[in-house]
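What you are looking at is a predicted structure, and each value in this text was computed from that prediction instead of being measured.
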Amino acid sequence: MKLHVRLLEKLIELPECTVEGASNSQLRILLDDLGLEVKGVEASAEKGVVYTLETLANRGDHLSHIGVAREISARTLAQVKAPTMATQLSDRKASVLVRRATDKCMRYSLMEMSVPLEMKLRNDVAAFTDEPEKLHPIVSLLNYVQMEMGQPMHAFDADKVEGDISVELSTKQEEIEALDGKTYKVPEGSILIKDRKKIIAVAGVIGCANSMVGEGTRKVLIEAAVFDPVAVRITARAMGLSTDASYAFERGSDYEGIAPALKRLAYLAGGSAGTAKDTEAAHVIGLTNTEAAPLEKRKVTVLLSALRRELNLPRLEEVEIATRLKILGYQVESAAASGKDKELTLTVPAWRLWDVRNPEDIYEDLARSVSLNRVRPELPPLDVEAAPLNGIERLVKATRSALIGSGFVEVITTGFLSAADVALLDQLSPGISAQHVSLKNSLEAKNSHLKVTNVMHLTKLLALNRKRGVEACKVFEVCRLFNRPAELPSDEPKERDELDYNLEHDVLCFASAGRWFEGQWRKPESTEEHARLFKGVVGGLIKGLGCQFSVGKSESPFLHPGIQATVKCGRNVVGFFGVVHPVIREACEIKEEVMYCELDARLLVKLMIGVPAPAVSDFPAVWRDMTLKVGLKDQAGRVLRFIQEASLASFTDAAIVDDFRKPEEDYRRVTYRVTFQSVDRTLKSEEVDAAMGSLLESLSGKHGIEMAG
């Protein structure tokens, strides 16, 4: 917001602020301390000092000079001098009827005025408006009144308006030519101002060229309204447009600001106050008002002791509190509470109905008024009792160290996909686009859909790091995915566990590309080696959660059809892993194969159990290798489960170390390494050989698996 010090001086007595010392003036220091942060300073002899303020997104009242004057008054207790206004407006209705057909327009007023052809502004009024020579004087006055009082208004040429005016929601996408000469598409559900034949304005955003005032305008219709901030924001973002009006309406306009603004306009346009002397004045012909509902009288109650405690000002006098809050627009009623305490009941002013609902809002307003410098910083007492971890937090705690220890780096990616990403995934899995939750008014095109998988983000992240020269890229993330089912669930309340988010679910996902090890002394791992190492991390993770790990057949459309598997905890499928599909890899512009794993966090939380750390042995491990005959279509990993089920004495681990086939044989030769270790002694070769003999006998007798010759 542009704050003109010369205009502000007309409303309230100010601290010292000169053109030469504007950057470090007392006024600037005061504005910063009030939370009206000064982002820029312009100083010239013609316009004086102009500050650019950074205002809060929920404080529409700060977008006017009188709103800023009110904040200064609450601090300095200097009186605000209200601008001079017309004593009354016309008792006649405007000649154009108004029909308000949507509750998203809370109040709507239409003031009809006659304007002279030779209307000119006074120099001191024109100095505060941008390019007044290019605008009709009545438009410049509207801009001046908005700057002064905060109420956006719009002027229609009455002779270009055909029939009655209606305020309604659009039922389809519309196209308009706006005041700036550009064509815009207005989305369905926008608030439109229409006459009998056409759209004449997009409410709260911009007017249309077909009803704009010009040199030949003799009669105008002045629109002043209160529009729903969310509706205006959605429309403005969809149109790719931000105007002074939309900026103000998005932050909430004053419910009772319409009448004062129209009276101020009538005063400025009706005589020498805003127009040059010896020129014909404009006159109010008629006025029509409509409203959705009577103004809410919202009350917020605070205890005097709680207010003092929150501000850490135990000696703050009640009279000072009441005075400052009254200047800010609150009506204050005091009543005795329990003991010696008092209860303050505050009626919220009309311009703060958008954001003031709780006692905390009152604390903030008063803190700004008395100055944050008076509030002594003091840490509240800490609760030494930590809140218990939820399921996902327990899972992260149990897996983060293991992944970091394996060289993975934790990352945070966005929860959105672009339309192009969705189209790519739909090629691999036709119909998956229907499962995406799409955003109608996303701020950026790349954030138009909520993601149903994290494979795109992690692959893009790995590609970016590989381009930057990172040799071993390993990343992991706990994130949330979003799926829209074909039929939405009922809104009826039902019992849910703590991790059931309806259409959302958490996943633990990790990926790697490039070398597995940082050292460059050896050639990069082959795809088979990379897959084996990656599988080891997946298996170690599952085992670390106290679950039995195994793999099964997988058909994930986002992974390479021939190099993927499901992840099993016992008999439960909890996710999948494998090589990322070539189509995704090429779209992400990465040359090497990418390994990716996605695990359902909710299932893992339900399955994981507390497992004590295994005892560490000081005695050497002993292992034996055996090569078995495995069918061409059989899973080599199935034999690992058979070995574990054999319950061998001192058995600690089993792993596949080789898998090959001779051309003339109709089976594969798979070599398994079985490891034995005792925590209290060194094992003898005889007992290890005996255990291996028992294992081979079990594999042959129960499962028909023989040794390869």
Quiz item: Side chain of Glu477, backbone of Thr413: donor and acceptor closer than 3.5 Å?
Solution: yes
Quiz prompt | Reference residue Leu481; test side-chain contact (heavy atoms from CB on, under 4.5 Å); the match among Asp600, Asp506, Val507 | solution = Val507
Quiz item: Do other residues, nucleotides or ligands put more than 12 heavy atoms under 6.0 Å from the CD atom of Gln548?
Solution: no
Self-check item: Any donor-acceptor pair under 3.5 Å from Asp361 side chain to Asn358 backbone
Solution: yes
Self-check item: Test: Asp659 and Arg532 ion pair at under 4.0 Å
Solution: no
Quiz item: Any salt bridge between Arg480 and Glu504, counting N to O under 4.0 Å?
Solution: yes
Quiz item: So, does Arg251 use its side chain to make a donor-acceptor pair with the main chain of Tyr247 at under 3.5 Å?
Solution: yes
Self-check item: Enclosure of Trp623 CH2 (heavy-atom neighbours >12, cutoff 6.0 Å)
Solution: no
Exercise. Would you confirm whether Thr566, through its side chain, and Ser554, through its main-chain N or O, come within 3.5 Å as a donor-acceptor pair?
Key: no
Self-check item: Candidates Lys474, Glu592, His530 - the one meeting side chain to side chain donor-acceptor pair (under 3.5 Å) with Ser512
Solution: His530
Quiz item: Crowded around Glu175 CD? As in, over 12 foreign heavy atoms under 6.0 Å?
Solution: yes
Exercise. Report the C-alpha separation of Phe510 and Phe408 in whole Å, then their side-chain angles, then the decisive distance to 0.1 Å, and conclude whether the ring-ring contact (aromatic ring centres under 6.0 Å, His included) test is met.
Key: CA-CA 8 Å; Phe510 46 99; Phe408 286 80; 5.6 Å; yes
Quiz item: Would the number of heavy atoms belonging to other residues, nucleotides or ligands and lying under 6.0 Å from CD of Gln644 be above 12?
Solution: yes
Quiz item: Does Arg368 come within less than 4.0 Å of Glu364, counting only side-chain N to carboxylate O?
Solution: yes
Quiz prompt | Residue that, paired with Phe558, satisfies side-chain contact (heavy atoms from CB on, under 4.5 Å) out of Ile584, Thr459, Val580 | solution = Ile584
Quiz item: Donor-acceptor pair, Ser448 side chain versus Ala419 backbone, under 3.5 Å?
Solution: yes
Exercise. Give the ring-plane orientation class for Phe576 versus Tyr596, where under 30° counts as parallel, over 60° as perpendicular and anything between as tilted.
Key: tilted
Quiz item: Do Thr682 side-chain atoms and Phe619 backbone N/O form a donor-acceptor pair below 3.5 Å?
Solution: no
Quiz item: Does a sphere of radius 6.0 Å around CG in Leu632 hold more than 12 heavy atoms from other residues, nucleotides or ligands, not counting ones at 6.0 Å or beyond?
Solution: yes
Exercise. Run the numbers on Lys2 and Glu42 for salt bridge (charged side-chain N to carboxylate O under 4.0 Å, His left out), then give the verdict.
Key: CA-CA 10 Å; Lys2 297 288 187 182; Glu42 303 171 39; 2.6 Å; yes
